[in-house]
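In what follows, chains carry the letters A, B, and so on, assigned in the order in which the sequence lines appear, proteins first and then strands, with residues in each chain numbered from 1.
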Number of protein chains: 2
Amino acid sequence: MPTIKDVARAANCSTATVSRALASPEKVSDATRHRVAQAVAKVGYSLNAAARNLRRSESRTIVVILPNIANPFFSDVISGLESVAHQAGYQVLLGDAGNNPDRVASYFNLVPSNQADGIILLSTEVPMALVRERQADAGFPLVMACEYFDNLSLPTIHIDNEQAAHKATEYLVALGHQRIATITGPARNPICKDRLRGYRHGLADAGLNIQDDWIVEGDFTFHSGYEQGRILLQQDKKRPTAIFCQNDEMAIGVLKAARDAGVVVPEQLSVIGFDDIGFSQYCEPELTTVHQPREAIGRTAMRLLLDILKQRNVPLDQSLKTQLIVRSSTARAPRD
Amino acid sequence: MPTIKDVARAANCSTATVSRALASPEKVSDATRHRVAQAVAKVGYSLNAAARNLRRSESRTIVVILPNIANPFFSDVISGLESVAHQAGYQVLLGDAGNNPDRVASYFNLVPSNQADGIILLSTEVPMALVRERQADAGFPLVMACEYFDNLSLPTIHIDNEQAAHKATEYLVALGHQRIATITGPARNPICKDRLRGYRHGLADAGLNIQDDWIVEGDFTFHSGYEQGRILLQQDKKRPTAIFCQNDEMAIGVLKAARDAGVVVPEQLSVIGFDDIGFSQYCEPELTTVHQPREAIGRTAMRLLLDILKQRNVPLDQSLKTQLIVRSSTARAPRD
DNA sequence: TTTTTGTTTGTAATCGATTACATTTAAGCA
DNA sequence: TGCTTAAATGTAATCGATTACAAACAAAAA
C-alpha cells in the first residue's frame with residue numbers, strides 16, 4: 001500500500017505538506033495542492049485510518065448496541081442514526097447484544113480501546129454493572145434511546161410511553177369497551193412499566209376496575225402474542241373485548257390467536273398494537289397502533305451523542321411525540 | 001488513558017514483556033504474567049486498537065454491505081455472519097447501501113484505509129465500476145452472498161434460485177393450476193432472472209403456455225406486491241388462479257390485494273412466496289413459501305471470507321439447499 | 001534598500017503497541 | 001565448577017499520519 005511518503009516523493013514535497021494539502025487545503029498554495037492531488041492519483045494513495053486514529057486519538061466510529069437486529073422496530077431507528085452519523089463523517093458499528101453479556105462488554109470496550117468514540121444503547125438488556133461503571137466516569141460518551149434505566153440517569157431520547165398507552169386505552173374506552181386486557185413486554189423493562197401504568201390510568205379514569213388476570217406478560221415476539229392471546233381468549237368467564245398489546249408483533253400474534261379461536265376482529269375483539277411497524281398495514285385486519293417517530297428518534301439520538309462528543313451544551317433529555325393510528329383492528333365494543 | 005508504558009512501570013518490566021504477557025502468555029514466566037495482570041487491573045489499562053492495527057496492519061473488522069437493513073430477510077443472514085465473525089475475533093460493520101453510490105464507495109474504501117480487512121456484499125445494487133476495479137486486484141478480499149453478478153465472478157455463497165422457483169411452480173402445477181402468474185423482483189437482478197427462468201421451465205415442463213402479461217415486476221416491497229397483485233386480479237380475461245412471488249413481502253402484499261378484491265385465498269387463488277421470513281407464519285392465510293437457510297448462508301459466507309483472508313485454500317463457490325414449506329396459502333386449483 | 005509581516009514549506013517528535021534482535025538469567029549436564 | 005542450551009527479558013526500530021515549531025520565502029511598508 002502506498003503511504004503518505006510515496007505521495008510526498010511523487011509530489012516533490014514533505015509529508016507534512018501532503019497531509020495539509022489533504023486535510024486543510026487552505027493552508028497550501030494552489031500549485032502544491034494540485035501537485036499533491038495528482039500525486040495521490042498517480043500512486044493510488046489512500047489514507048491509513050489506523051495511523052490517523054492513533055495520532056488523533058479518535059475513531060469516528062459510533063457503536064449502536066441493540067437487543068436484536070432482526071426486530072423490525074429498530075431498522076428505521078438505525079436509518080436515522082446512520083444518516084446523521086454519515087453526514088458528520090462518522091461510521092456506525094451495529095452491535096447485536098443477543099443476550100450475551102460478554103459481547104456487550106466487548107462493545108463497551110471499543111471506546112477505551114479507541115475503536116469507537118461513543119455508544120448509543122437501544123436496550124436495557126445489558127449488564128447493569130457495566131453501564132453503571134461507565135456512567136460513573138462522566139467522560140464516557142453514552143446515550144440511550146427508545147429505552148431507559150429507571151435507576152440510572154443517562155442522556156436519553158424517548159417517547160412518553162405512559163401517555164401513549166393512556167391514549168390508546170382511552171380510545172378503547174371511548175369505543176365502549178369495558179373489558180380491556182393488555183399484553184405487556186418483559187415486566188422488568190421500564191418502558192413496559194410505563195405503558196402498563198398508562199393502561200391502568202386509562203382504565204381508572206373511566207372508572208373501570210382492573211383485573212389482574214387480564215394483565216399478562218409477553219416478550220415482544222409474534223409467538224408470545226399468540227400464546228398470551230390464546231390464553232386470554234379461552235378464559236371461562238366473559239372474555240375481554242379489547243386487548244392492548246405493547247408492541248405490534250404481539251398484536252399480530254393476537255390476531256392469529258383470535259382467528260384460530262374463531263373470534264372475529266374487530267367485531268368481537270378490538271386489538272391495538274404499539275410501534276407501527278411496516279407489517280401492521282399488511283396484516284388482516286390492518287392494525288390500529290401507536291406510531292413512534294423511529295427515524296427521528298435515531299436522528300436525534302445520534303445528534304445528541306455527537307453534540308456530547310463536541311462538548312456542546314445540549315439538553316440531555318428529549319421526548320418525541322407519538323400518534324395513535326386508527327386502522328381496522330378496532331371497533332365499537334360488541335353488545336353483551 | 002493509561003498505556004502499555006504505565007503497565008510496564010507498574011509491573012516493573014519493559015513494554016515488550018507486557019505485550020507478550022498479554023498476547024502470548026506462554027512466552028513469559030508465571031510470576032511476570034501475574035505481575036502484569038495485576039498491573040493491568042491496577043492502572044485500568046485497555047489496549048489501544050488503533051496502535052495495534054497500525055502496527056499489525058489489520059483491523060479485524062469485516063464490512064457487510066446490504067441494500068437495506070430494514071429488510072427482514074437479512075436479519076438472520078447477519079446473525080450468521082456475526083456469530084462466525086465474533087468467534088474468530090472479528091467485528092462486523094454493517095453498511096446500508098441505501099441506493100447511495102457514494103456511501104458504498106466509502107465502505108469499499110475502508111479496506112485500503114486499513115479500517116476493514118474484507119467485504120461481504122449482499123447486494124448487486126452497487127456501482128459496478130467499483131466492484132470490477134476491486135475484483136481486478138486479486139488481493140482484495142471480497143465475498144458475495146445471496147446475490148451475484150452475472151458478468152463478474154466472485155467468491156459466492158448462494159442458493160439454486162432457478163431450481164427453487166422451478167419446484168415452487170411445479171408444486172402449483174401439481175395442484176392443478178394452469179393459469180399461474182409471477183411477480184418478480186427488479187428485472188436486472190440476476191437472482192430474479194434465475195427465479196423467473198425456474199418459473200418458465202416449470203410451466204414449460206407441464207406444457208402450459210407462458211403469458212407475458214402474467215409476468216410482472218415488483219421491487220420486493222409489500223407495496224409493490226399489493227399493486228401488482230391488484231392489477232393481476234382485475235384483468236378482464238380469466239384471472240390467474242395462482243401467483244408465484246419472488247419474495248414473501250410481495251406475497252403478503254398480494255394476500256392483501258386479494259382480500260381487497262374479494263378473492264379468497266387459497267380457494268380461489270393460491271399464493272407462494274420466497275424466503276420464509278418470520279411474518280409468513282403470521283399473515284392470513286399462512287404463506288406457502290421457499291425456505292432459505294439464511295443463517296447458514298451468513299455463517300458460510302463469513303467463513304469463506306475469513307478463509308480467504310487466512311489464504312486457506314477453499315472452494316470459492318458454495319450452494320446451499322432450499323426447501324418448499326407448504327402452509328395454507330395454496331390449494332388445489334378451483335374448477336373453471 | 002531594509003524592515004516587517006504574512007504565507008508556504010520542511011523537520012522531527014509524537015501517538016501506542018509489536019517484534020526482531022540482543023542480552024541476561026536460569027537450568028541442565030559433564 | 002565450568003560449559004552449553006534454553007528461557008526470560010530488554011532495547012529500540014517500526015507502522016503511517018499529524019502537527020508544533022522552525023525555516024524559508026515573498027510581498028508590503030518604511
Length of the [atom1]-[atom2] vector between [X] and [N], whole Å:
| X | N | atom1 | atom2 | result |
| --- | --- | --- | --- | --- |
| B/Met1 | C/dA17 | CE | C1' | 14 Å |
| B/Lys5 | D/dA12 | NZ | P | 13 Å |
| A/Lys27 | D/dC25 | NZ | P | 22 Å |
| B/His34 | D/dA8 | NE2 | C1' | 18 Å |
| B/Arg52 | D/dG16 | CZ | C1' | 18 Å |
| B/Asn114 | D/dC15 | CG | P | 13 Å |

* **From OG (A/Ser14) to CZ (A/Arg20), nearest 0.5 Å** => 6.0 Å
* Asked: What distance separates A/Met1 CE from B/Ser113 OG, expressed to the nearest 0.5 Å?
  -> 8.5 Å
* To do: Would you check, one step at a time, whether the test salt bridge (Lys or Arg N to Asp or Glu O under 4.0 Å) holds for B/Asp307 with B/Lys310?
  => CA-CA 5 Å; B/Asp307 284 346; B/Lys310 294 249 165 61; over 6 Å; no
* Asked: If you find the nucleotide of DNA chain C closest to B/Leu54 and the one closest to A/Val28, which residue's nucleotide is nearer the 5' end?
  -> A/Val28
* Structure fact -> When B/Glu26 and A/Ala49 are each assigned the nearest nucleotide of DNA chain D, the 5'-most assignment goes to B/Glu26
* Asked: For the helix from C/dT1-D/dA30 to C/dA30-D/dT1, what angle lies between the axis at the first five pairs and the axis at the last five pairs, to 10 degrees?
  -> 40°
Please determine, for the side chain of [X], which listed nucleotide ([options]) has the closest atom?
| X | options | answer |
| --- | --- | --- |
| A/Leu47 | D/dA8, C/dG16, D/dT18 | D/dT18 |
| B/Arg20 | C/dA20, D/dC21, C/dT8 | C/dA20 |
| B/Thr15 | C/dT9, C/dT18, D/dG10 | C/dT18 |
| B/Asn48 | C/dG16, D/dA17, D/dT9 | C/dG16 |

* **Distance-only donor-acceptor test (3.5 Å): side chain A/Arg55, base C/dT14** => yes
* To do: Sequence neighbours left out, what pairs pass ring pair (Phe, Tyr, Trp, His ring centres under 6.0 Å) with at least one residue falling in residues 135-159 of chain B?
  => none
Within less than 4.0 Å of OP1 or OP2 of [N], is there a side-chain N or O belonging to [X]?
| X | N | result |
| --- | --- | --- |
| A/Tyr45 | D/dA17 | yes |
| A/Ser29 | C/dT9 | yes |
| B/Ser14 | D/dT11 | no |
| B/Thr17 | D/dG10 | yes |

* Using a cut-off of 6.0 Å, state whether more than 12 heavy atoms not belonging to A/Asn313 lie near its atom CG. => no
* Across the strands shown, which category fits B/Thr3 at heavy-atom distances under 4.0 angstrom: base, sugar-phosphate, nothing? -> sugar-phosphate
* Can you name the closest pair of heavy atoms from B/Ser59 and B/Asn114 and give their distance? -> CB-O, 3.5 Å
* To do: Would you name the heavy atoms of B/Pro2 and B/Gly44 that are closest together and state the gap between them?
  => CG-O, 3.2 Å
Run the side-chain donor-acceptor check on residues 64-86 of chain A: report pairs under 3.5 Å with partners two or more places apart or on a different chain.
| from | atom 1 | to | atom 2 | distance (Å) |
| --- | --- | --- | --- | --- |
| A/Asn68 | OD1 | A/Ala70 | N | 2.8 |
| A/Asn71 | OD1 | A/Phe73 | N | 2.9 |
| A/Ser75 | OG | A/Pro72 | O | 2.7 |
| A/Asp76 | OD2 | A/Arg294 | NE | 3.2 |
| A/Asp76 | OD2 | A/Arg294 | NH2 | 2.8 |
| A/Ser79 | OG | A/Ser75 | O | 3.3 |
| A/Ser83 | OG | A/Gly80 | O | 3.1 |
| A/His86 | NE2 | B/Tyr107 | OH | 3.1 |

